[in-house]
Amino acid sequence: MKISKREVVVTGLGVVSPMDCGSGLDSFWKGICQGRNAIKPLSLIPARSNYCRFAGEAKDFERFLERRYRKDSLRCSNLFRHALIQAVEDARCASLIHHAGISFGSILGEIDLGQKYIEACMQKRRNCVVSLQGYPLHAIPERLAQELDLSGPCLCVSTTCSSSGDAIGLALREIQCGRSEIMIAGGADCLSKILAAAFASSEAIAQDGIVRPFDKNRKGFCVSEGAGVVILEEANHAKKRKASIYCKIKGYGASSDAYHLFRPDKDGRGLSRAIQDALSEAKFKPSDIDYINAHGVATLYNDLAETRAIKRSFGRHAKTVRISSIKSMIGHTMGACSVIDLICCAKVLREGVIPATTHYQTPDPECDLDYTVSGPLVAKVQRVLSLSAGLGGQNCVLAAERLG
Amino acid sequence: MMAVNVAVTGMSCLLGSEKCSIFLCIDPVKYDLVLRSIEQETSNLFRVEKILAVAIKKALDDAGIRITKKNAHRCAILIDNAYGIEEFKVQSFISLLKKEASKTFLVPYSSANVLAAKMSILFNIQGPSLTFSSGSLPGMSACFAGIDLLRDKRSDIVIVVGVNFFCKDLDRAFKRSGFRQESCAVLILEDSQRVEKAGRPAHGKIMNIKRSFYHDPKKEALGRSRLGSSQEVKRHQGSILLSFSCSLFNRCPAIPRFSLDPKLRKRSVILENVFGNTFSSAGALGVIWGLCAFYHRMGEDPYWQSVSTEKKRREFLFIDQDAQGHYASMIIKESNPCSYSSRQEWLRCLLRSEGRPRIS
């Protein structure tokens, strides 16, 4: 089979996270550069003994939405909608958007609606079929595709924490293969009772609300909500319309640990394969990479696996590449974390500032790489990697390059 | 349509045959021998995981593939699972309602991709492991993503799975959605040139694919107007296999309108008329159904008899379309003639199905 690949660039970014609460990309980036902790006591869901105490909430982000959506109970759709609107405005592609396709990633989507639906079914109420339509993951991209009158493909993927990364990867393939010129790619996940309850008693949760990736005294992550959208375009298409280009997406790698449902392979073999796949597609050498946005969820197994995967793939260059995890500030945005990490990478490439891994105090002898712990760093960054590793062993790596 | 060259080297399907509630369910106990032949421990698996493990094992055996340390990283698994594993979600919500202590397994088991993760561990599949959810078309989404993986030479073996499982707590809602029986269908996709070079047999070849999304608020274009005017249907003079998943659920006028078109009616079979709403297994199940029809006379069904005896044009166009506006199609062609004993088994399985094939 003949492989003919086209270049893909990022022309628009949109983000909603606990850092900016919907106020936009500049506010998000400012908070990241300041190293602000966006994790607060959980207030969105009524407190209960079996819920986690701290979380990253995108408080009142609905105020930025049109009035008709504000009272909408579909929180995950609204998060994604707001990020999408920002990205389309940023890319100045509103007139072209009906040619676009959409690729969406999430873990639980509108899980609250699912809860209502299951409760209704169990109580033999009549409205359960209506809820059934809104509750599966694909209902979110479908709803937005219909609102925006999109004519391209509508994809929905779920690979736990790497969902939005894989959604970007699938969108990348659509453009590379010539099936689309422009794609909206991203993901979203919102705080819900099930999410708050599921991790509450887990050892993977930082009960004090402080996330310390790669630190010896790490206590785990904090659950957060958020959404991110990137507008991907074929390079010539973007150049023709004189779009402002953030970066090129050069490679995508995906792999599976095939190891354990809850723990990553601590030797990092699966993630390392995804890194190598992304590097080989991008035609990058390990020494070309200036910055890695790590998954960095601050759990013992993940930190160890990630460090070993980087060492395995980068060899002697592992100690020189700069690494940081923005989850130390915004928490774990679940299905949206991959796209928010990529948005951070795009800003790093454009602004030349590497964000810090905050709350790092005690070095871990097993995790001995350069985690950019001493504050944001001004540096010329040409090529970056964004790593994601999901529960269940799914790994996703995206490689991006600065234009020019 | 985009030209591709992908061989279907293995396939398997399990359809519900045991009465459960008002539906037909798959009983994994019947496949105990197959489960025991899997190298890893399977006794602690949940029912749906067992069913999926059996289907994958049968498909891999059908293709004559063994996943070893050497090829594990070149093997990918792509699963279509529109609604997740409802049994686990129901358990999760019940424990929430009762204010019980939380269990950490709620999140992986409530997410749609838990099956892909579990199967990749069970069969040591180290390539991409993705779960799709795209309305009625997830079966096609996984096929398309699998074709991309083979095209880019990122994987050598792609396991495409469509699952459509039933949850006894939600039987009423499922009934209204057009659900009739559980189904699980698996396709093994490989690069056609590679298969031919190795002199290995294949059930069929996927030659062309197309996918799009139409905003269709009145749900009218789904019927005759959309299909009748589409380029594929105009050009394709052979048999047409159609899937209208979720159509009953949405009370979509597509089927009655479509069935009025006499030209198309003569050459087409609607999958939902055979199996009911197969949701996420529609893509893989449709491919298996069409391929079986090539090689065997489909019982008493005059339509498929004529297709299977047709000498000149041994290919079919498979269109999957839903009421939300997803549209996907592929042309599948007969491959190198060979004898697959498994086809008889799948054929028997399909014909045993509750809803006997009917001509639309």
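Naming: A, B, ... by sequence-line order, numbering from 1 per chain.
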Side chain, backbone, both or neither of B/Arg194 within contact of chain A (heavy atoms, under 4.5 Å)
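Neither part, no heavy atoms under 4.5 Å.
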Portion of B/Leu130 that has a non-hydrogen atom of chain A nearer than 4.5 angstrom
both
Quick one: does [X]'s side chain get under 4.5 Å of [Y]'s, heavy atoms only?
{"X": "B/Asp152", "Y": "A/Glu281", "result": "no"}
{"X": "A/Arg179", "Y": "B/Ile209", "result": "yes"}
{"X": "A/Leu391", "Y": "B/Val114", "result": "no"}

What part of [X] gets closer than 4.5 Å to chain B, counting heavy atoms only: side chain, backbone, both or neither?
{"X": "A/Asp166", "answer": "side chain"}
{"X": "A/His98", "answer": "neither"}
{"X": "A/Leu261", "answer": "both"}

Point-to-point distance, once rounded to the nearest 0.5 Å, from [atom1] of [X] to [atom2] of [Y]:
{"X": "B/Asn124", "Y": "A/Asp257", "atom1": "CG", "atom2": "CG", "result": "11.0 Å"}
{"X": "A/Ser163", "Y": "B/Asn113", "atom1": "OG", "atom2": "CG", "result": "6.5 Å"}
{"X": "A/Leu137", "Y": "B/Asn81", "atom1": "CG", "atom2": "CG", "result": "9.5 Å"}

Just jot down the salt bridge (Lys or Arg N to Asp or Glu O under 4.0 Å) partners of A/Arg269, sequence neighbours excluded, or say none.
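A/Arg269 satisfies salt bridge (Lys or Arg N to Asp or Glu O under 4.0 Å) with A/Asp265, A/Asp267 only.
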Partners meeting salt bridge (Lys or Arg N to Asp or Glu O under 4.0 Å) with A/Glu181 (sequence neighbours left out)
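Counting only residues at least two positions away or on another chain, A/Glu181 forms a salt bridge (Lys or Arg N to Asp or Glu O under 4.0 Å) with A/Arg6.
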Nearest atoms (heavy-atom pairs only) where A/Gln394 meets B/Ala116:
NE2-CB, 4.4 Å
Passing option when A/Ser256 is tested against B/Pro128, B/Ser129, B/Cys75 for side chain to side chain contact (heavy atoms under 4.5 Å, CB included):
B/Ser129
